[in-house]
Amino acid sequence: MHIKTRIEEFLLSFIKDAFGQNIDPGSILVQKTRKEFKGDFTVVVFPFTKLLRKPPEGIGKLLGEALVEKLEDIESYNVIKGFLNLNLKVDYWLDFFIEHHSDVYFGYSEPKEERPVVVEFSSPNTNKPLHLGHIRNNLLGDSVSRVLGANGHNVKKVNLVNDRGIHICKSMLAWLKWGEGATPGSTSQKGDQLVGEYYVLFEKEYIKQVSRLVETGKSREEAEKEAPLMAEVREMLKKWEEGDSHTVELWKTMNQWVYEGFDVTYDRMGISFDKIYYESDTYLLGKKIVEEGLKKDLFFRKPDGGAWVDLSQEGLDDKLLLRPDGTSVYITQDLGTAELRYKDFNPSEMIYVVGNEQNYHFEVLKKVLAKLGKPYSDAVHHLSYGMVELPEGRMKSREGTVVDADDLIDLMEKTAEKITRELGKTEGMTKEQKQTLYKKMGLAALKYFILKVDPRKNMVFNPNESIDFNGHTAPFILYTYARIHSVLRKAPNDKLLPLKKTIAASQMADKEKELLKLLHDFPVIVNESAEELNPAIIANYAYELAREFNQFYHDHSILNEQDRKVSEFRLRLASFTGIVIRSAMDLLGVDVVERM
RNA sequence: GGUUCCGUAGCUCAACCGGAUAGAGCAACGGCCUUCUAAGCCGUAGGUUGAAGGUUCGAGUCCUUCCGGAAUCACCA
């Protein structure tokens with residue numbers, strides 16, 4: 001049991017015994033002591049003052065005495081205002097060190113016997129290449145999956161590909177009209193990039209048509225409906241739904257191009273899935289579910305034939321579930337995939353990593369599922385994340401301001417190469433090793449840049465300022481790791497002294513203890529990150545740990561230390577830090593490097 | 001207009017779900033490499049936490065109002 005919990009539980013029972021008062025467990029607050037005060041953990045005693053009717057200093061003293069007496073690990077205490085600072089015995093920290101310092105799974109929980117947790121992320125449309133927004137989605141989904149796995153959950157990563165619908169037809173139609181038979185092979189382009197160009201082309205031509213119609217005196221709304229291109233693309237969608245062989249053939253071909261392109265990008269990002277769903281496979285099931293709901297009078301038909309659900313009881317409006325012509329809308333297929341996913345995995349939880357622009361959609365989805373009496377309606381959890389914005393605002397594909405995923409990764413790799421060359425520390429490395437280094441470094445910088453921000457918040461990316469490689473960044477953390485490994489490589493090969501409590505209290509320097517305390521936090525961090533589905537907690541922890549190590553490294557020599565016991569203690573401490581840095585970075589999906 | 005979310009240093013982000021003097025990085029300025037990797041370390045400067053009230057021992061955090069921004073309220077996905 002964690003020392004914090006032990007302190008909390010002790011206080012709870014102590015106050016009950018001594019004062020006959022039951023205290024709200026939530027009012028007991030044990031936190032790490034701030035650096036400017038002496039102590040390891042701090043109890044805030046203000047909450048007890050009212051109940052016990054004593055001044056805070058008195059209570060602090062009383063509780064401090066009791067803790068020192070009854071909890072073996074606590075050595076001493078001091079009280080400042082309403083804060084009770086507790087000092088743990090040095091042996092507590094050393095025991096912790098001895099037990100865990102070489103454990104590569106430190107911080108990870110044993111796998112639990114339980115139903116799986118399904119994490120859906122990525123969910124691309126097959127009409128355009130991935131951009132920076134998708135990168136955030138993919139990195140979050142991947143990292144959250146890793147973090148949940150580290151907490152013992154049985155995680156299934158799934159992708160739901162949006163492979164049908166009018167937007168897909170737009171690319172197809174434009175390609176037919178203006179493509180002149182271009183293929184990824186003939187243009188040596190990635191398939192997703194190629195298809196994306198035709199989507200943009202469609203939009204351009206469509207806007208031209210609309211504005212021409214507006215000039216002839218039509219309202220914008222009329223113009224948008226009547227533009228010939230829109231009519232053509234509607235016709236194409238209809239043909240697709242009817243199974244027209246030419247249309248379906250073209251659809252298959254172009255989607256295949258896109259998938260091949262996506263695979264390259266996923267591979268570069270180090271993203272993979274346990275199962276891929278296609279909307280074209282699930283939307284029919286969604287329709288069936290809506291039909292069932294209609295039969296049970298949970299939903300209703302409007303005079304034009306559209307199927308609707310009345311959510312006024314739930315505080316929302318009516319919501320369309322099927323168009324009057326019977327074709328499905330977005331939520332229709334989500335009902336289908338939820339059902340399918342539940343049958344496939346029998347999950348305890350279904351997490352959807354989807355942008356916060358769809359908060360309302362998921363609210364509706366949950367309520368519709370509840371109305372249908374689906375057992376998994378409570379299992380649906382929307383991991384809602386904020387948009388990635390440019391300094392001038394949102395990325396807009398029509399205005400060509402999207403930051404392309406492949407381009408950005410290229411840029412990061414090039415920057416990594418340039419900086420590495422300037423520093424000139426890679427003598428002796430082969431060409432392949434250097435290439436691998438640039439790739440890892442560039443990707444690490446990008447991933448960290450995105451994951452260090454609280455997922456719920458919108459974030460800003462400025463394309464004109466390249467992502468930093470100094471300071472609060474992945475390269476800084478990787479550099480720390482490389483430094484550690486440099487020391488480990490240079491350490492003498494002699495057998496280390498047996499690990500005993502050879503370090504006396506007076507010998508553990510402040511920086512060593514601070515480092516040890518931080519390492520001690522790691523399991524709590526991993527747990528918290530999972531509970532909040534927030535990788536940023538791990539990212540920020542990894543930075544703090546690296547910074548603390550660098551201070552320690554700066555102040556104390558490891559290999560040049562004359563006292564062998566001290567030298568070996570520091571060597572093991574460095575190695576332990578390396579293990580935790582690697583684990584933390586792994587949870588972010590970032591590879592470490594041993595040289596840079 | 002209704003609903004929801006967000007306003008923290010010039011910029012990008014933290015702040016342990018109400019706790020001690022709001023912390024980092026970047027950018028700026030000044031130090032530290034004959035010693036384990038200077039992608040580092042140390043220091044200086046930078047804040048009325050959008051504004052005003054309120055709740056209490058204590059508010060960046062909770063409540064109210066206002067200001068500013070975003071998302072959504074589609075027979076788009």
Side-chain angles (χ1 to χ4, degrees), chain A residues 4 26 29-34 36-37 42 44-47 49-50 55-56 80-83 85 123 125 127 162 164-168 279 302 304 306 315-317 319-320 322-325 327 329-331 333-334 355-361 363-364 384 386-387 389 391 393-394 416 419-420 422-423 425 441 449 452-454 456-462 465 467-480 482-491 521 524-525 528 532 536-537 540 543-544 546-547 550-551 553-561 567 570-571 574 595-596:
Chain A
K4 265 175 154 175
L29 194 61
V30 181
Q31 52 193 196
K32 288 181 74 178
T33 302
R34 297 179 63 122
E36 56 265 39
F37 298 98
T42 295
V44 185
V45 300
F46 288 112
T49 49
K50 252 191 189 153
I80 299 172
K81 295 196 284 181
F83 298 92
N85 302 315
S123 312
N125 293 340
N127 63 337
N162 221 286
R164 62 165 289 276
I166 198 121
H167 50 299
I168 313 296
E279 188 196 327
K302 287 200 177 173
D304 65 2
L316 303 175
D317 291 328
K319 180 87 188 169
L320 179 84
L322 280 180
R323 296 194 186 100
D325 65 0
T327 58
V329 290
Y330 184 43
I331 197 159
Q333 59 101 6
D334 258 353
N356 61 13
E357 55 200 349
Q358 292 188 33
N359 286 353
Y360 181 73
H361 170 77
E363 215 180 314
V364 171
S384 162
M387 300 288 102
E389 290 171 350
R394 237 187 141 174
I419 293 175
T420 306
E422 280 166 8
L423 292 169
K425 296 183 190 173
M441 184 90 59
F449 174 79
K452 76 170 178 183
V453 181
D454 188 324
R456 289 172 308 226
K457 291 192 175 175
N458 288 356
M459 61 181 291
V460 178
F461 171 77
N462 187 343
E465 299 168 12
I467 293 175
D468 266 310
F469 279 62
N470 295 317
H472 189 179
T473 66
F476 169 80
I477 299 167
L478 296 197
Y479 170 74
T480 308
R483 263 183 155 181
I484 290 170
H485 271 264
S486 177
V487 172
L488 295 180
R489 278 194 300 273
K490 285 178 180 157
D521 286 342
V524 180
I525 296 289
E528 203 182 314
E532 297 186 19
I537 294 172
N540 287 309
Y543 171 66
E544 205 183 331
R547 205 160 46 108
N550 278 314
Q551 289 171 18
Y553 180 91
H554 179 267
D555 289 359
H556 304 287
S557 188
I558 299 167
L559 300 176
N560 297 330
E561 165 61 45
S567 171
R570 288 181 185 159
L571 192 63
R595 273 195 65 186
M596 63 185 273

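The basis for the numbers below is simple: all heavy atoms, side chains too, and nothing from hydrogens, waters or symmetry mates. All values derive from a computational prediction rather than experimental measurement. To find a chain, count down the sequence lines: A is the first, B the second, and so on, and within it residues start at 1.
Of the residues near RNA chain B, A/Asn560 and A/Ala416, the one whose nearest nucleotide (by heavy atom distance) lies more toward the 5' end is A/Asn560. Each of A/Tyr330 and A/Phe476 has a nearest nucleotide on RNA chain B; the 5'-most of these lies closest to A/Phe476.
Taking atom C1' in both B/rG25 and B/rG46, the straight-line distance is 14 Å, to the nearest Å.
The side chain of A/Arg164 places no N or O atom within less than 4.0 Å of a non-bridging phosphate oxygen (OP1 or OP2) of B/rA77. Contact between the side-chain N/O atoms of A/Lys457 and the OP1/OP2 oxygens of B/rG7 is found at a separation under 4.0 Å. For the pair A/Lys50 and B/rC57, the criterion of a side-chain N or O lying under 4.0 Å from OP1 or OP2 is met. OP1 or OP2 of B/rC42 has at least one side-chain nitrogen or oxygen of A/Gln551 nearer than 4.0 Å. Taking 4.0 angstrom as the limit, A/Arg456 places none of its side-chain polar atoms (N or O) nearer than this to OP1 or OP2 of B/rC13.
Within a 6.0 Å radius of CZ in A/Arg456, other residues, nucleotides and ligands contribute 12 heavy atoms or fewer.
In this model, a donor atom of one side chain and an acceptor atom of the other lie less than 3.5 Å apart for A/Thr480 and A/Asn550. If you check the side chains of A/Tyr330 and A/Gln358, you find a donor sitting under 3.5 Å from an acceptor.
Comparing atom distances between the A/Pro324 side chain and each of B/rC73, B/rC16, B/rC75 picks out B/rC75 as nearest. Here the nucleotide nearest the side chain of A/Leu320, chosen from B/rC75, B/rU12, B/rU37, is B/rC75. Distances from the side chain of A/Thr42 to the nucleotides B/rA38, B/rA20, B/rC36 place B/rA20 closest. Listed nucleotides B/rA71, B/rA77, B/rA38 differ in distance to A/Tyr553; the shortest reach to its side chain belongs to B/rA38. In the set B/rA77, B/rU37, B/rC73, B/rA77 carries the atom at the smallest distance from any side-chain atom of A/Gln358. Taking every side-chain heavy atom of A/Phe83 into account, B/rG19 is the closest of B/rC73, B/rA38, B/rG19. Checked against B/rC13, B/rA38, B/rA14, the side chain of A/Val460 finds its nearest nucleotide in B/rC13.
Shown here, B/rG40 forms a base pair with B/rC32; the pair counts as Watson-Crick or G-U wobble because both key distances fall under 3.5 Å.
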After noting the C-alpha distance and the side-chain angles of A/Phe469 and A/Phe476, does the key distance pass the ring-ring contact (aromatic ring centres under 6.0 Å, His included) rule? CA-CA 7 Å; A/Phe469 279 62; A/Phe476 169 80; over 10 Å; no

Any chance you could list the contact pattern along nucleotides 21-34 of chain B? Use B for base contacts, S for sugar-phosphate-only contacts and - for none, protein heavy atoms under 4.0 Å, 5' to 3'. S-SSSS--------

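Using bins of under 30°, 30° to 60° and over 60° for the plane-to-plane angle, the ring pair A/Tyr543/A/His472 lands in the parallel bin.
No contact: A/Asp555 has no heavy atom under 4.0 Å from any strand.
By the side-chain contact (heavy atoms from CB on, under 4.5 Å) test, A/Asn462 pairs with A/Pro391, A/Asn464, A/Glu465, sequence neighbours left out.
Rounded to an integer number of Å, the gap from CD of A/Glu357 to C1' of B/rA77 is 9 Å.
A salt bridge between A/Arg394 and A/Glu357 is present, with a side-chain N of the basic residue lying under 4.0 Å from a carboxylate O of the acidic one.
The ring of A/Phe46 lies on top of the base of B/rG19, close enough and flat enough: under 5.5 Å between centres, under 30° between planes.
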